[in-house]
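Because only heavy atoms are used, hydrogens play no part in the values below, and waters and symmetry mates are left out as well, while side chains stay in. Naming convention: chains lettered A, B, ... in sequence-line order (proteins, then strands); numbering from 1 in each chain.
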Amino acid sequence: MSPPADLQTITLPSGKQIQVHTHLFINNEFVPGTSGKTFETINPTNGKPIIAVQEATEADVDKAVAVATECFEKVWKKVAAAERGKLIFKLADLIERDAESLAILEALDNGKSYKIALEGDIVDSVGCYRYFAGWADKIHGKTIETTNDKLCYTRHEPVGVVGAIIPWNYPIMMSAWKLAPALACGNCIVLKTSEYTPLSALKFAELVKEAGFPPGVVNILSGYGSPTGAYLASHPGVSKLAFTGSTLTGRKILESSAKSNLKKIQLELGGKSANIVCADADLDEAVKWTTAGIFNNHGQSCNAGSRIYVHESLAHEFIERFKKEALAIKVGDPFHEETFQGPQISQVQFDKILGYIESGKKEGARVVTGGARWGTVGYFVQPTVFADCKDEMKIMQEEIFGPVVSIATFKTVEEAIERANGTSYGLAGGVFTKDLSTAIRVSNELKAGTVWVNCFDLFDQQSGFGKELGEYALHEYTQVKSVKIKIDP
Amino acid sequence: MRRTSAFPSMFPGHGTQLGQQVSDISHGVERLHEIAYQELIPLSSHPSCLPLSSTSPPPRASRSPVLNTGLFINNEFVAAKDGKTLDTVNPSNGKVIAKVSEAGPEDVDLAVHAAEKAYNDVWSKTSGKTRSRLMHKLADILESHAEELAQIETLDNGKGISFSRGFDVAELIQCFRYYAGWADKIHGKVIDTEGAFSFTRHEPIGVCGAIIPWNFPLLMLAWKIAPALATGNTVVLKTSELTPLSGLKFASLVAEAGFPPGVINIITGYGPRAGDALARHSKVGKIAFTGSTNVGRLVMKAAAESNLKKVTLELGGKSPNIIFDDADLDEAVKWAHHGIFFNHGQTCCAGSRVYVQEGVYDEFLKRFSKISRDTKIGDPFDEGNFQGPQVSETQYNRIMSYIEHGIKEGAKVATGGKRHGTEGYFIEPTVFTDVKEDMKIMQEEIFGPVVAVAKFKTLEEVIEKAHLTEYGLAAAVFTQNVTKALEVSALLKAGTVWVNCVNQLDYNTPFGGYRQSGFGRENGKYALDNYTQIKTVKVNLTRSTRST
């Protein structure tokens, strides 16, 4: 039986049609999976299938890794750094050119607002590629003074074949965060997209080829975490694996590396990030940023500010204003201009979030607003605000990954810091205060990879987020070699 | 594709006018100051630019791009305040190519004020990301005009067209791309201090002045302007009166890239008038100079006598090229030839003193003299020629007088020593032997196709001889022995040491002088230091904070 055609047409609700590839992208070609298996990707707005795409299995991972390895050894590692930079720059230009198609696919497949995808996700991804394009020819080793009879220097070399497994919450942006630094440092990549959101990456794959990357530098596979992701993580030909997703899966990835070739692992996992609103905070600003902090992307952000500690002196006022903001959020069709919040990604996530809401109610938290499904079709959840939360409640400890925020009060800053640090996570945090000393003291004390002061959720390519982005990301995709040359006396 | 104004909303109040200014340049009011320079370029050398039919040549004047010869201030070409012009000469035949506006102190003042205003109003508020985009855009535009730029460079300077294309213009574009990448990667530090939160900001200086020489007009322009822009400065650059044309072509592309008026200003003039005014100007925060050691001293003096502006100097050299017995002789001969004769010896890092170990001296000299004698000299638009004319009559006379001096002081001419041809400023590749360290030709920078070859016995001896000049720009060593290569490179007092090669300049490795060859380093990340000043910010954290 011959596989279904690669290029297929999707008709949008507006009647507009868009063509997408559905095969696996290996060696700059779209090829069917070896097993012939396909899976359907679902439109979360209505729960209906959009299209079936080829599913990568173990044999396809083998193929992609083999191609990437050969490309690395024979072609890519000999390409001059400045040339790599130019290719990445070209890719950024092409993404910018095709921003609308990419944003449409992102909105359709993921459920996020088309406008936000276009002006946020895509713009930031373009910026990310441009930024790392500039690093390609600025990767510096060091010469190190040792003794006079030696010349010692370091080379920051690419690791070779990088595996990347990305989540469904920011498909294009998460691939940019992995691919841009990996390419700048001179690696080849095998990237697995999420089974929930394979489409935008298949459009992106076309641009990789058009930009002029040699075949095998970038390979993109659609597939499930198990078996495909797991197999990639345990593959002996992969020297480094970058993963963004849940803490649970992250743990498994680390185990597969330990059991296979001890590949370098980079994990960007879950969070239960706390926002601390001090008594002297600018209340308008604090409300604005903390609502965005949780409700951006429907709460489906690893850094979502899902716990808020507000000083008791302004708790009442804060919660009232927060409620007003939450009620004003426009929920609905992601293609509607006004929509801020679309559906959650899937039935599973939808059920999980509603389960957390139930548990919050049962454990005695007060529902300020929301607390139920929105509408009757698709996976929409009302923006939900809990108050009177206790630290030991499930909704204060576990990552909900939905539009649900838990608010608690505090008396002293020291207390707030201690409680903010009281979960197993440490991805991000926020503090709102007009006092510079408090701002710096709290940001020093918070056990988190990013701290926002009087803002939240602001990202720059330059500044680094955890270990991704910024100059720091280069360390993740290079390995350091020390060379020592003996100088005869 | 968005094609019109690249960044329509980036600079409120500026963006919309940019497109207009571009067309002003090509249809400008300054008709008198435009030249159809391609008429001066031999027909055979630009088929790619102007497709010509052998039977009926098209009217070239009407199709040739024109070059505005004014001063480029505030994204516009203007005449000098006093109306003065200077002649730029084609060194291949000694004839005038064009009259270009000559900047005087008043014009310098105008340009500096434009740069200052642009810095205060727009550029200091422009993000690194935007600066990066603009610089990339400029690099793309330069690339699309690469052939034109190369032809102008060859016409005005006399360097071989294949070098203009493959080196000068290619490196110009690469330099802008490279520093475009730095613009959003300028990092300060956070420093742990007791009781305070301390951090550093690497801030731009403001208005930077630049004075560049005539030997690599476009490349020297790139080395100054690209890092200055990346770090957030505005620039007033003075090109050499001998080679103003490629800078004018470059200027005509600045507005098209979308740079706000006043960010890049390019003027032509003489050192003692315009150069001195720039070096003395109280609103210029930094001056970068490339040229002779004598003039470098004057620039520094002007800074000392005015506002103590920061100075970086990239000056002369008398670079030694050391060839050991165990060198690969074929390679050594090839590189030694390139080391001195590249760009007709008009290179600050030229390997003008060649020291050869006694075991291979005779064989080296034989082969080196032959390859020098065989150097192809002539019309720089002929791709087969390696060497074109010297840049000017003054330089020509100066070089010939050094040759006379060498002979008078007792050095032997192994090959060359005379003028080449009868027209233009061509000089035969000249090799001296039997030289003494105190001869003028061993001490002073000749800046022409003249090299001295000397014999040495031991490593210690050659290191000592290498250091017998006041310079320290570059040096080269040829040996197959790693230990010797590393030992010599550590011992040499020079800003760049080449091992088994010469003249390898990369946009991402630093270049600059030891001793009286100057200070500051151009290229690479190091150049960012030349164009930034560091501010330490300390925030007191010790006062008791409210427990809120």
If one checks every heavy atom of A:Ala82 against chain B at 4.5 Å, the contacting part turns out to be both

Counting neighbours of [atom1] on [X] that are heavy atoms of other residues, nucleotides or ligands and sit closer than 6.0 Å, is the number greater than 12?
X: A:Glu418; atom1: CD; value: no
X: A:Glu285; atom1: CD; value: yes
X: A:His316; atom1: NE2; value: no
X: A:Lys150; atom1: NZ; value: yes

**Request:** Given side chain to side chain contact (heavy atoms under 4.5 Å, CB included), test B:Phe197 with A:Leu436 step by step and report yes or no.
**Result:** CA-CA 10 Å; B:Phe197 170 67; A:Leu436 197 48; over 6 Å; no

Could you grab the distance from atom [atom1] of [X] to atom [atom2] of [Y], nearest 0.5 Å is fine?
X: A:Lys86; Y: B:Gln174; atom1: NZ; atom2: CD; value: 7.5 Å
X: B:Asp140; Y: A:Asp93; atom1: CG; atom2: CG; value: 7.5 Å
X: B:Arg177; Y: A:Asp137; atom1: CZ; atom2: CG; value: 11.0 Å
X: A:Ile440; Y: B:Asn540; atom1: CD1; atom2: CG; value: 10.0 Å

Heavy-atom check, side chain of A:Arg130 versus side chain of B:Lys129, under 4.5 Å | no

Does the side chain of B:Glu487 come within less than 4.5 Å of A:Leu151's, by heavy atoms?
no

Bottom line for B:Tyr178: the part with an atom under 4.5 Å from chain A's heavy atoms is both

*Test log, rule side chain to side chain contact (heavy atoms under 4.5 Å, CB included), inputs A:Glu471 and B:Lys185*: CA-CA 8 Å; A:Glu471 187 178 1; B:Lys185 299 173 183 69; over 6 Å; no

Shortest non-hydrogen pair, A:Ile485 vs B:Leu486, comes out as CG2-CD1, 3.8 Å

Hey, what's the ring geometry for B:Trp182 with A:His140, parallel, tilted or perpendicular (30° and 60° as the breaks)?
-> tilted

